[in-house]
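Okay, so here's the structure we're looking at.
The model shown is predicted, which means the values in this text are computed figures rather than measured ones. Quick note on labels: first sequence line is chain A, next is B, and so on, each numbered from 1.
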There are 2 protein chains.
Amino acid sequence: MESNLEVAMRTLTRKGAATRQRILEGAAAHIRENGVVATTLDDVLARTATSKSQLFHYFPGGREELLLAVARFEADRVLEDQRPQLGDLTSWPAWRSWRDKVVDRYQRQGRLCPLNSVTSHLGNGTPGSQAVVTELMHRWQTEIATGVRHMQDTGEIDPGLDPDRAAAALLAGIQGGVLIQMSTGQTIHLEAALDMGIAHLRASRLPVA
Amino acid sequence: MESNLEVAMRTLTRKGAATRQRILEGAAAHIRENGVVATTLDDVLARTATSKSQLFHYFPGGREELLLAVARFEADRVLEDQRPQLGDLTSWPAWRSWRDKVVDRYQRQGRLCPLNSVTSHLGNGTPGSQAVVTELMHRWQTEIATGVRHMQDTGEIDPGLDPDRAAAALLAGIQGGVLIQMSTGQTIHLEAALDMGIAHLRASRLPVA
DNA sequence: CACAAAATGGACTGTCAAGTCCAAAGACGA
DNA sequence: TCGTCTTTGGACTTGACAGTCCATTTTGTG
């Protein structure tokens, strides 16, 4: 039905690039504050002091393309917000510190999860949406797994444990914890999931006694 | 702004009740197949062979009230679909059997999660939506915790472990696993999370050696 | 400077879907 | 059976919002 989203955009003036960015960030901000459903193109225009022709100039695919761009934008933030801890899971205190950062990040974020919001609006099956989420999850899981491997190298985690599977489980716990927090407002689940995940890693070092 | 959703509906003929139910189930089915975004009231009407006046007669709050009703409907299904295993977590094989059932259920369900879809459309903060999800999570977690306690009674799980917290972590893992499955299609995360959660319960029985 | 390409303003259109209304048909108790 | 309350049909209104179009201004370049 549509295939020429994400088209050429051959030349972009400095000014043009700035405008595009302004629209993108404005849209992201508005969505973060109001949710996708309550975000119309006109809202974005008003907020960013741009006109319709500009929006469609930089996002020829219209609303859908803009939403997808926002999804990418937010997906990047997710991992960045966990730096530098996420990239440095090299000791138990470091894991703890990362855990705290994650909890804190999502506590601040409150009830709206822009990424989930956007992708579930685009439809989870949409190729673009799926690609963004899949890549995010993959990168996230990889970084965790790297941390696990490092701890295995230093002998702090049982070498017999599958790092990728452990990372997958931990990641699932985080996602679920955040999801529950969105709906219920409680942050316990996220904390419990992280704690249990990490505890399990630690415990693995002490085999069946 | 609105407060009289879920109003009186004083008398309901047998016929009326049937119609109401037909609309509700038709809406749920359509949403399960197409997602909320792609579900208009007219779609539901066409599918259930009813007229607009009927829909607004039985759901005076219109779309919003209907969506909320669907959310409740789906929330009930979630736990029912885990019976009888969920209510009988009394041995390790039983836990395993439950795990398989959960994985199977969500594997069948595919990419659309009606409940998440609906609530995220209603807006996670909506009192009605929040109530439905919160209650579901609470009941779910309670049932898991009951299972944990039972295993503690029979000495198969360390009595020092907090059943509610363990259940919260496990629940988070499930939610996250499902969420990831929705977006990526992969079922590994759900399985890994369940397995790790249960493994952690089992491992607790063998204290620090 | 001059010209081509890019950026911008904003009115206009078309569609689509939620919700209203009233009149007609059917159910049910007295 | 009668009268009332419920149920139903479906046309109509209303509003909102995505997307189009063209005229105008600005920018960059040879």
_Proximity to the side chain of B/T19 - top-ranked nucleotide from C/dA18, D/dT6, D/dT8_ = D/dT8

*Do the side-chain N or O atoms of A/Q54 get closer than 4.0 angstrom to the phosphate oxygens (OP1, OP2) of C/dA7?*
no

*Could you tell me the separation between the CZ atom of A/F56 and the P atom of D/dC21, rounded to a whole number of Å?*
12 Å

*B/S51 near the nucleic acid: base, sugar-phosphate alone, or nothing, with a heavy-atom cut-off under 4.0 Å?*
base

*Look at all strands and tell whether A/T13 reaches a base, only sugar-phosphate, or nothing, counting heavy atoms closer than 4.0 Å.*
sugar-phosphate

*Roughly, in whole Å, what's the span from CG in B/D43 to C1' in C/dA17?*
10 Å

*No-hydrogen, no-angle side-chain donor-acceptor test under 3.5 Å, A/K101 and A/Q82*: no

*Quick one: do B/R77 and B/E80 make a salt bridge, cutoff under 4.0 Å?*
no

*Starting from P on D/dT26, measure out to CZ on A/R14 and report it in whole angstrom.*
19 Å

_So, OP1 or OP2 of C/dA7: does either fall under 4.0 Å of a side-chain N or O from A/S53?_
no

*Which of these nucleotides, D/dT8, C/dG19, D/dG19, is closest to any side-chain atom of B/Y58?*
D/dT8

_Could you tell me how far apart A/L55 (CG) and C/dG9 (P) are, to the nearest whole angstrom?_
12 Å

*Do A/K52 side-chain and C/dG9 base share a donor-acceptor contact under 3.5 Å?*
no

*Taking only the side-chain heavy atoms of A/K15 (C-beta and beyond), determine which of C/dG26, D/dG19, D/dT26 contains the nearest atom.*
D/dT26

*Where does the angle between the aromatic ring planes of A/W95 and A/W98 fall among parallel (under 30°), tilted (30 to 60°) and perpendicular (over 60°)?*
perpendicular

*Do B/L89 and B/M151 pass the side chain to side chain contact (heavy atoms under 4.5 Å, CB included) test, and can you show the C-alpha distance, the side-chain angles, and the key distance before you say yes or no?*
CA-CA 8 Å; B/L89 268 13; B/M151 298 297 275; 6.0 Å; no

*asked:* Using a 4.0 Å heavy-atom cut-off, does B/T40 contact any base of the nucleic acid, only the sugar-phosphate backbone, or nothing at all?
replied: sugar-phosphate

